[in-house]
Amino acid sequence: MATFLRCLFGPQLLRLNLRPGLVTDYQAVTAERWGDTVITSVSVAARILLYASPIVFPWALRQGWITLTGDGALYVSKFLTGIGIVVAGALLLRTLGRVSNPAYTQFINVLSNATKDYTAASKRLISQYDFHFSAWPVDWDVRQQTGDQSKPLMYLSSTESNSLTKLPMDMLAWMLTHSFGISLVYPGSMALMKMLVEKPLIEGRTKLMLEQGGERFKVGTRDGNMIDTMFVDQRAKNSGSTLVICCEGNAGFYEIGIMATPITCGYSVLGWNHPGFYGSTGTPYPAQETRAVDAVMQFAINKLGFKVENIVVAGWSIGGYTSSWVAMNYPDIKGLVLDATFDDLLPLAVPRMPASMSGLVTRAVRNYINLNVGEQLSKYTGPVRLVRRAMDEMICTSEGELWSNRGNNLLISILTTRFPTLITPLALDTVTTLLYTPGALDMFEDKEMDEKFAEFVRENGNGSLERVGENLTEEEKGRMLSYLATRFMTDLNSSHCTPLPPHKFILPWDPSVESEFVTVDTSKGEEGEEEEEKEEAGE
């Protein structure tokens, strides 16, 4: 009976024998496969109904199908009863299939023992299986830790008015956000997306664990969500003492996301999935997003043992929101790398919706999905590196136009906040001309401004950079601002979703250090050394 109940409530098993050369996909028997198909179909139908609820429910009300009295109540009760019978039958069928499958019963016994006594040894045993992450025991929970109390959490709230005259519009904005709006902003949280990408995610996760030595963790947040994380420890390598925490895009997962680049560069890397993305629970609203990344940060400090000053936070696309939030709340991090990131969600959201909905979209974004990257970044004064994609099709307000790339606005925001004495209309015209010209960032060079800036830092220190433009002419301010733009931003001639090449993963510029810390593609270096050795040997 115990085995029957475990199989009834047990998770879906995906793979077993997660060891080099032994990996096999789990083969479900016919009964389990049919039961899973029915349950999945019902779940997908329910999700589609939820996304379409603003259209379906009013129509059903007009038809009289959804009422509490008369025929409407009878229809609803019959429908729900029928669905319940179908689901119950599917559950029973699936359970019988699992009980008759030795591979599943062996797995469920291993998982049961690990749940009762979760130790390093029992974790090694369950790590040989890939299964639905909901059943994975909790590895670390921020609610059970004292945390880093020296870093008060900062939340930048919306200043929108909540007057009674605007209440109806607020209600509509809330419905828009909580029905399908959040799924449009974060499509990776949709159940349909999870089904479409499950196979690549399984392959990516297996590769991280077997080829890179990755270890999977379940991390609990302050609001009770459980975050699926993957840690690749490379502290045995030269660059491995630096940890790169990766914040993925709105349809990105750590299994197939941006972790690959810093791993190739030799850094230790910690990836995590947004709330509601595959193994992580919750929904990616801003409050849940920030609590998730805070838990990941605390996990890195208190469990993995990294110092704040040895942590670099990297964000791609919408991951710039959580990345900049970390930087704002942990100002002593080693640096912040933002790839293909925008300054504010609103200018990107409004053009993608019908013009008649602009007011509603504005309220929905400002009140419920206010991803104000630029505003958060203005609270951080540490090293920052921006990577702008020259052919970015996602964060441009005008397709194919470099001037409309919101990465430009993010850079201008940084320069304006950090170097106010350089900001004049003429200086801004000079730097925007540089930014709007394809290829100009890579070709720009001004040794005189380089020397002037280095001299200013030597004489005044790194804490007085806001005064750097006090003794410069108008023309020199424009040149200095352009020079600083090249120090903060790297240009990449690619589209939004192209993986960042390792040689472009450059740690942020620190004005107090004369040289940049640039990562090296070690494979190319090894090839070069081999060629030199052959030449010396006369080959």
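When a residue number appears, it is its place in the shown sequence, counting from 1.
Sorted by first and then second residue, the pairs that involve residues 199-209 and meet salt bridge (Lys or Arg N to Asp or Glu O under 4.0 Å), not counting sequence neighbours, are Arg15-Glu203, Asp25-Lys199, Asp130-Arg205, Arg205-Glu255. Every pair passing salt bridge (Lys or Arg N to Asp or Glu O under 4.0 Å) that includes a residue from residues 401-412 is listed here, sequence neighbours excluded: Asp343-Arg406.
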Donor-acceptor pairs under 3.5 angstrom involving side-chain atoms of residues 461-471: please list them, not counting sequence neighbours.
none

Show me the donor-acceptor pairs within less than 3.5 Å that the side chains of residues 310-318 make with the rest of the protein, sequence neighbours left out.
from, atom 1, to, atom 2, distance (Å)
Trp316, NE1, His496, O, 3.2
Ser317, OG, His496, NE2, 3.0

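Ring to ring, Phe277 and Phe253 are close: their centroids are under 6.0 angstrom apart.
How far CG of Leu484 is from CE of Met489: 13.0 Å, rounded to the nearest 0.5 Å.
Scored by the side-chain contact (heavy atoms from CB on, under 4.5 Å) test, Ser482 finds Thr430, Val431, Leu434, Phe444 as partners (sequence neighbours excluded). Residues passing the side-chain contact (heavy atoms from CB on, under 4.5 Å) test with Met391 are Asn493, sequence neighbours excluded.
A donor-acceptor pair under 3.5 Å is absent between the side-chain atoms of Ser324 and the main chain of Leu377, judged by distance alone. For the pair Arg479 (side chain) and Glu475 (backbone), a donor-acceptor distance under 3.5 Å is absent. Panel note: side chain Ser280, backbone Asn273; a donor-acceptor pair is recorded below 3.5 Å. Between the side chain of His274 and the main chain of Gly249, a donor-acceptor pair closer than 3.5 Å is present. Proximity of a side-chain donor or acceptor of Glu476 to a complementary backbone N or O of Thr473 within less than 3.5 Å is detected. A donor-acceptor pair under 3.5 Å links the side-chain atoms of Thr341 to the main chain of Asp339, judged by distance alone. In this structure, Lys218 contributes its side chain and Trp140 its backbone to no donor-acceptor pair below 3.5 Å. Checking side-chain atoms of Thr417 against main-chain N and O of Ile414 turns up no donor-acceptor pair under 3.5 Å. No donor-acceptor pair closer than 3.5 Å links the side chain of Glu215 to the backbone N or O of Phe231.
Using a cutoff of 4.0 Å between basic side-chain nitrogens and carboxylate oxygens, Arg366 and Asp344 are scored as salt-bridged.
Cation-pi geometry between Lys303 and Phe217 is not satisfied (NZ or CZ under 6.0 Å from the ring centre, within 45° of the ring normal).
In this structure, Leu184 and Pro187 approach most closely via the heavy-atom pair O-CD, 3.7 Å. Looking at every heavy atom in both residues, Glu289 comes nearest to Pro275 through OE2-CD, 2.9 Å. Nearest heavy-atom pair, Met357 versus Met353, reported as atom, atom and distance to 0.1 Å: CE-CE, 3.9 Å. Taking every heavy atom of both residues into account, Trp272 and Cys247 meet most closely at NE1-SG, 3.6 Å. Closest non-hydrogen pair, Val457 versus Pro511, comes out as CG1-O, 3.7 Å. The nearest pair of heavy atoms linking Thr397 to Pro347 is CG2-O, 3.6 Å.
Each of Ile369, Val365, Asn370, Leu371 was checked for a side chain to side chain contact (heavy atoms under 4.5 Å, CB included) with Leu346, and the lone residue meeting it is Val365.
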Q: Start with the C-alpha gap between Gln298 and Tyr330, add the side-chain angles, then the distance that decides, and say whether side chain to side chain donor-acceptor pair (under 3.5 Å) holds.
A: CA-CA 10 Å; Gln298 289 292 322; Tyr330 296 85; 2.6 Å; yes

Q: Kindly determine whether Asp491 and Arg389 satisfy salt bridge (Lys or Arg N to Asp or Glu O under 4.0 Å), including the steps that lead there.
A: CA-CA 6 Å; Asp491 231 358; Arg389 308 297 185 102; over 6 Å; no

Q | Gln234 vs Lys237, side chain to side chain donor-acceptor pair (under 3.5 Å): CA-CA, chis, key distance, verdict | A | CA-CA 6 Å; Gln234 302 200 93; Lys237 298 183 178 180; 2.8 Å; yes

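The closest side-chain donor-acceptor pair between Asn408 and Arg388 falls under 3.5 angstrom. Defined by atom type and a distance below 3.5 Å, a donor-acceptor pair is present between the side-chain atoms of Ser495 and Thr498.
Using the six-membered ring where Trp is involved, Tyr483 and Trp509 have ring planes that are perpendicular, over 60° apart on the 30 and 60° scheme.
Residue-environment remark: NZ (Lys194) exceeds the threshold of 12 foreign heavy atoms within 6.0 Å.
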